[in-house]
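What follows is a short report on a single structure.
Everything numeric here is computed off the predicted structure, so don't read it as measured data. When reading the values below, keep in mind they use all heavy atoms of this one structure, side chains included, and skip hydrogens, waters and symmetry mates.
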Amino acid sequence: MEMRQLPEDRRRDKEFEAFVAGAGGRLLHAATLLTTEPPAAAPLAEKLLVGALAHTYVGWDRLRGDDPYDHARLELAGRFARSAWRCRRPRGGLLSRLSPAERLVLVLRLYEGLAEEQTAAALGLPVERVRALCARASSAMRSAPPGGAVAGTASPQRERAMP
């Protein structure tokens, strides 16, 4: 027996489908940055994204004018924070040399463009802690990779001396 869908359900499904079509790629990229998995094979990132999108879909009708992208982004960040112990092992991604907390703050602040206050509120941290984590992560990303200096880049001592 085929179930008939109510017009409200069809509308919600179409709205959510359009949202995922527009925001899914950016959210997936944020998830791969957080998990440090290569984009071609990112099962943890996909699991984070599917969970965040499922939670967003469940609460779709309760958003009432709120930005669904903000809701999905904060859910993704929260899911990563709760499962960060799985992402301690470096997987060779761009941010793999950062701690999970540093990755989370760096992605929210620089990739997603959230203000320090918004990031602090989303993570339940003081603004000063967010500022310190972002500064430490940024300086770690500017320094030479752990395996030695890359050809054509300045040494870490020289970079620190520059204003």
Side-chain angles (χ1 to χ4, degrees), residues 3 5-143:
M3 296 284 293
Q5 207 173 17
L6 295 174
E8 299 87 30
D9 292 340
R10 279 190 299 237
R11 177 196 49 82
R12 180 184 63 195
D13 291 349
K14 286 184 180 188
E15 287 176 357
F16 186 74
E17 187 177 327
F19 164 70
V20 171
R26 184 173 174 93
L27 287 169
L28 180 60
H29 190 188
T32 57
L33 287 172
L34 290 171
T35 60
T36 71
E37 295 175 308
L44 286 177
E46 290 175 3
K47 186 176 179 180
L48 280 173
L49 179 61
V50 167
L53 289 176
H55 190 268
T56 302
Y57 180 75
V58 168
W60 190 260
D61 291 333
R62 291 185 302 251
L63 289 176
R64 294 191 186 130
D66 290 341
D67 186 10
Y69 186 82
D70 285 341
H71 182 78
R73 175 180 47 213
L74 293 179
E75 181 63 27
L76 180 74
R79 285 178 181 272
F80 175 76
R82 288 188 297 273
S83 68
W85 60 271
R86 295 182 196 156
C87 302
R88 285 203 168 274
R89 187 171 28 107
R91 291 179 169 80
L94 181 64
L95 304 178
S96 63
R97 59 184 150 156
L98 301 177
S99 73
E102 291 171 337
R103 273 185 265 156
L104 186 56
V105 168
L106 196 69
V107 167
L108 288 176
R109 289 277 296 124
L110 301 181
Y111 181 71
E112 290 292 330
L114 285 180
E116 286 176 345
E117 294 80 15
Q118 290 174 311
T119 304
L123 301 178
L125 297 172
V127 176
E128 296 80 21
R129 178 74 175 138
V130 169
R131 189 175 298 129
L133 283 168
C134 189
R136 187 174 37 196
S138 297
S139 67
M141 292 307 296
R142 286 188 199 111
S143 67

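What you find for Phe16 and Leu53 is that their closest heavy atoms are CZ-O, 3.3 Å. Taking each heavy atom of Ala30 and Val107 in turn, the nearest pair found is CB-CG1, 4.2 Å. Nearest heavy atom pair, residue Arg12 against residue Asp61, reads NH1-OD2, 3.3 Å. Across every non-hydrogen atom of Leu104 and Ala81, the tightest pair is CD2-CB, 4.0 Å. Residues Ala72 and Ala52 come closest through the heavy atom pair O-CB, 3.9 Å. Across Pro43 and Glu37, no two heavy atoms sit closer than the pair CD-OE2, 3.4 Å.
For the atom pair CD of Glu8 and CZ of Arg11, the computed distance is 7.0 Å after rounding to the nearest 0.5 Å. Note that the CG atom of Leu27 and the CG atom of Leu49 stand 6.0 Å from one another [nearest 0.5 Å]. Put simply, OG1 on Thr35 and CD on Glu46 are 9.5 Å apart, with the number rounded to the nearest 0.5 Å. Within the model, atoms CD of Glu116 and CG of Leu133 stand 11.0 Å from one another, a figure rounded to the nearest 0.5 Å. Distance check, rounded to the nearest 0.5 Å: CD of Gln118 to CZ of Arg109 gives 9.5 Å.
Taking 4.5 Å as the limit, some side-chain heavy atom of Leu123 sits within range of a side-chain heavy atom of Leu108. A 4.5 Å side-chain heavy-atom check between Leu95 and Met141 finds at least one atom pair inside the cut-off. Side-chain atoms of Val20 and Tyr57, non-hydrogen and from C-beta on, never get closer than 4.5 Å to each other. Considering only heavy atoms from C-beta on, Leu110 comes within 4.5 Å of Ser138 through its side chain.
More than 12 heavy atoms of other residues, nucleotides or ligands sit less than 6.0 Å from atom NE2 of His71. For Glu15, the CD atom counts as densely surrounded, since its 6.0 Å shell holds more than 12 non-hydrogen atoms of other residues, nucleotides or ligands.
For residues 71-80, every residue pair satisfying the salt bridge (charged side-chain N to carboxylate O under 4.0 Å, His left out) rule, not counting sequence neighbours, is listed here: Asp70-Arg73, Arg73-Glu112, Glu75-Arg79, Glu75-Arg82. Sorted by first and then second residue, the ring-ring contact (aromatic ring centres under 6.0 Å, His included) pairs with a member in residues 93-117 read His29-Tyr111; sequence neighbours excluded.
Listed by chain and residue number, nothing satisfies the ring pair (Phe, Tyr, Trp, His ring centres under 6.0 Å) test with Tyr69 (two or more places apart in sequence, or in another chain).
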